[in-house]
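These numbers come from the heavy atoms of this one structure, side chains and all, not from hydrogens, waters or symmetry mates. Atoms within each ligand, like the ligands themselves, are counted from 1 in listed order.
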Amino acid sequence: MVEGRHGEQTAGTFDHGGGVRSLRVPIPDNPLGHTLVYVVDTDRGPVLIDTGWDDPASWDALTSGLTACGTSVAELHGVVITHHHPDHHGLSAKAREASGAWVAMHAADASIVRRTRETRPERWYTYMADKLAAAGAPADHLTPLRTAPRRTPPGFSPALPDREIVPGELLDLPGRRLRAIWTPGHTPGHVCLHLEESHPSQLPGHGRLFSGDHVLPGITPHIGLYEDPDDATVTDPLGDYLDSLERVGRLAPAEILPAHQHPFTNAPSRVRELLTHHEDRLTGLLSLLAEPRTPWQLAERMEWNRPWPHIPYGSRNIAVSEAEAHLRHLVKQGRAEAVPGSDPVTYLAVPTCR
Ligand SMILES: [Zn+2]
Ligand SMILES: [Zn+2]
């Protein structure tokens with residue numbers, strides 16, 4: 001936390017100064033603990049940056065936090081969503097229902113929300129099973145996807161936003177200057193929000209940046225493939241992410257207000273750390289590609305927060321997606337290539353001349 005003339009008001013809320021507060025909205029059964037939901041005062045009532053996980057205890061934390069800030073959920077003027085993930089967008093429908101506030105999201109994430117609401121579960125399970133098979137997943141990993149009861153997984157009916165966040169434009173926050181900075185990578189429509197006002201404690205730099213999951217002080221966000229059963233475009237999410245990181249570094253905000261962990265300063269140095277982390281990861285991957293490997297085989301050998309045999313089922317799918325995102329980027333950079341005729345496809349490092 002940045003110490004100064006502002007401070008903790010009541011448990012779970014924090015006054016960041018200059019008409020910005022944060023609420024800690026818990027994420028049930030998740031090591032991240034909570035989402036930091038920001039409350040920005042405007043001339044027409046408070047605007048939220050993200051809402052938190054859709055769970056009764058989280059809703060209680062959101063509503064009682066707003067009350068502790070001297071306002072209420074009914075007073076909300078708008079809701080700005082950094083990206084469609086359920087720990088950010090989960091409570092948007094309830095917040096809108098309780099207040100009539102608009103909900104804004106970037107078009108790329110809004111189309112994921114639309115697709116999630118429309119895709120039938122069997123289509124989704126088949127798509128995932130086919131994708132994992134193509135990545136070299138073993139048969140025993142695919143069986144649950146091929147035989148699971150076709151229930152709608154939780155979080156599959158998120159709220160449709162009613163406003164679009166347009167990159168580079170100011171949002172409708174009467175009396176404030178909040179500009180949308182498109183930062184694809186963690187999701188295709190992730191945005192950071194730049195509060196173009198001088199820092200309340202006069203810290204050097206340009207305003208404050210609500211960074212969502214794009215830049216966090218102590219963890220790196222997941223960068224996987226942009227999963228879309230209806231779109232065969234070969235995207236490069238890691239390339240998008242690295243470009244988006246540089247965008248934030250150039251912005252040089254005085255302070256970053258992230259959606260998890262805690263606010264921090266010196267954004268350019270954190271950006272450099274993250275760029276270095278990914279370059280190290282890419283280099284490590286290249287050495288694993290001295291012999292041909294499938295994305296699954298790569299994921300098994302990459303470094304995670306625990307050994308592969310201890311990684312739970314769902315997290316393995318996420319890990320393979322992350323391995324594929326790194327592979328895509330290496331291929332795009334011409335540092336790795338698919339082995340012709342391999343099935344499932346294997347990749348090899350492209351030899352470099354020294
Ligand atoms: Zn996220
Ligand atoms: Zn998050």
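Sorted by first then second residue, the salt bridge (Lys or Arg N to Asp or Glu O under 4.0 Å) pairs that include residues 304-315, not counting sequence neighbours, number zero.
For the Zn ion (ligand 1), the count of nearby protein N, O or S atoms, meaning those under 2.8 Å away, is 4.
In this pair, His85 and His83 present their aromatic rings perpendicular. The plane angle is above 60°, beyond the 30 to 60° band. By the 30° and 60° cut-offs, the orientation of the rings of His214 relative to Tyr241 is perpendicular.
Taking a cutoff of 4.0 Å between a charged side-chain nitrogen and a carboxylate oxygen, Asp236 and Arg328 do not qualify as a salt bridge.
Looking at Val339, Val331, Leu285 one by one, the single match for side chain to side chain contact (heavy atoms under 4.5 Å, CB included) with Tyr347 turns out to be Val331.
Figure legend: Arg44 and Trp102 shown without cation-pi pairing, the cationic atom not lying both under 6.0 angstrom from the six-membered ring centre and within 45 degrees of its axis.
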